[in-house]
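Here the structure comes first, spelled out in structure tokens, and everything after it is commentary.
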Amino acid sequence: EKADVICSLDSDIFAHEPAGTFYARQYSSRREPDSDKGPMNRLYVIEGQYSMTGASADSRLTIPSSQIGSFAVELEKRIDTMLASGVPAGSADEKTWDELDTAGRIARTLDVLAGDLVTSKGKSAVLVGRHQPAEVQAVGLRINQKLGNVGATVDLLDIQDDQEML
């Protein structure tokens, strides 16, 4: 509800999380263009297979789930570069999305997503699927910390049981 930019890395937050309905309501509350709740939020989904969350995305990229970790690491590197330089990365590639190969689509998504996240520091959220390894979870946490999202749009919870989230 508070996030202007949401990045879902292989996380189907609307269907496969115990609080999925709650998250879907929060997300959809900011999807009215003329709402008094602020500007419409944007949802980027990078996932291995089609999901309910992906169906709602403004931008969706399909890559194998096994590559989510390397995508997250590259996203963190681009964010670090932008934060250090103060200049958002841009793609000089003028090709349309359909003209890009897989590597070009990944690169463009990384550039646009990193720029949008940096521009929305403290008003964004990076979510990592619970089935992703701890190393990938750690990258997501570091990105959220670097962007000032923890405590603003991201709350860290010690969940022992899925029922605790209901």
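- Crowding of Lys121 atom NZ: a count of heavy atoms from other residues, nucleotides or ligands under 6.0 Å not exceeding 12.
- Using a 4.5 Å heavy-atom threshold, the side chains of Ile13 and Arg130 count as separate.
- Side-chain N or O atoms of Asn144 include none that pairs as donor or acceptor with a backbone N or O of Val150 at under 3.5 Å.
- For the atom pair OG1 of Thr62 and CD1 of Ile106, the computed distance is 10.0 Å after rounding to the nearest 0.5 Å.
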**OP:** Show your working on side chain to side chain contact (heavy atoms under 4.5 Å, CB included) between Leu113 and Phe71 and close with a plain yes or no.
**Re:** CA-CA 11 Å; Leu113 176 55; Phe71 182 94; 4.2 Å; yes

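- The structure places CG of Leu75 at 9.5 Å from CG of Asp80, a figure rounded to the nearest 0.5 Å.
- Between Leu61 and Arg105 the shortest side-chain heavy-atom distance falls below 4.5 Å.
- At distances below 3.5 Å, at least one donor-acceptor pair connects side-chain atoms of Ser51 with backbone N or O atoms of Gly54.
- Minimum interatomic distance between Val5 and Ser120 (heavy atoms only, all atoms of both residues): CG2-OG, 3.3 Å.
- Rounding to the nearest 0.5 Å gives a distance of 10.5 Å between CD1 of Ile79 and CD of Glu74.
- Contact check for Val118 versus Leu147: side-chain heavy atoms found under the 4.5 Å cut-off.
- No side-chain donor-acceptor contact under 3.5 Å links Gln137 to the backbone of His131.
- Using a distance-only test at 3.5 Å, with no hydrogens or angles considered, a donor-acceptor pair links the side chain of Thr153 to the main chain of Ser124.
- In the hydrophobic clustering of this structure, Leu110 groups with Val126; members are Ile, Leu, Val, Met, Phe, Trp, Tyr whose side-chain heavy atoms approach within less than 4.5 Å, directly or through other members.
- Note: Asn41 CG to Gln26 CD = 10.5 Å, rounded to the nearest 0.5 Å.
- No donor-acceptor pair under 3.5 Å is formed between the side chain of Arg60 and the backbone N or O of Ala55.
- Considering every non-hydrogen atom in both Val139 and Ala72, the closest pair reads CG1-O, 3.5 Å.
- Other residues, nucleotides and ligands contribute more than 12 heavy atoms inside 6.0 Å of the CD atom of Glu99.
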Original post:
Could you go step by step and tell me if Gln132 and Leu9 meet the side chain to side chain contact (heavy atoms under 4.5 Å, CB included) rule?
Top reply: CA-CA 9 Å; Gln132 285 291 325; Leu9 298 174; over 6 Å; no

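- In this structure a side-chain-to-backbone donor-acceptor pair under 3.5 Å is missing from Tyr27 to Leu43.
- Side-chain N or O atoms of Asn149 include one that pairs as donor or acceptor with a backbone N or O of Gly122 at under 3.5 Å.
- Side-chain contact check for Tyr50 versus Val45: every heavy-atom pair is 4.5 Å or farther apart.
- The line from CG of Leu156 to CG of Leu141 is 6.0 Å long, rounded to the nearest 0.5 Å.
- Follow the hydrophobic side-chain contacts under 4.5 Å out from Leu117 and you never reach Met40; the two are in separate clusters.
- Contact detail for Gly48 and Asp10: the closest heavy-atom pair is N-OD1, 3.3 Å.
- The two residues Arg78 and Ala114 make their nearest non-hydrogen contact at CB-CB, 3.9 Å.
- In this structure, Met52 places its CE atom where only 12 or fewer heavy-atom neighbours from other residues, nucleotides or ligands lie under 6.0 Å away.
- No chain of hydrophobic side-chain contacts below 4.5 Å, direct or via other Ile, Leu, Val, Met, Phe, Trp or Tyr residues, connects Val154 to Val136.
- Proximity of a side-chain donor or acceptor of Ser70 to a complementary backbone N or O of Gln67 within less than 3.5 Å is detected.
- Of the possible donor and acceptor atoms, one in the side chain of Arg108 sits under 3.5 Å from a partner among the backbone N and O of Lys95.
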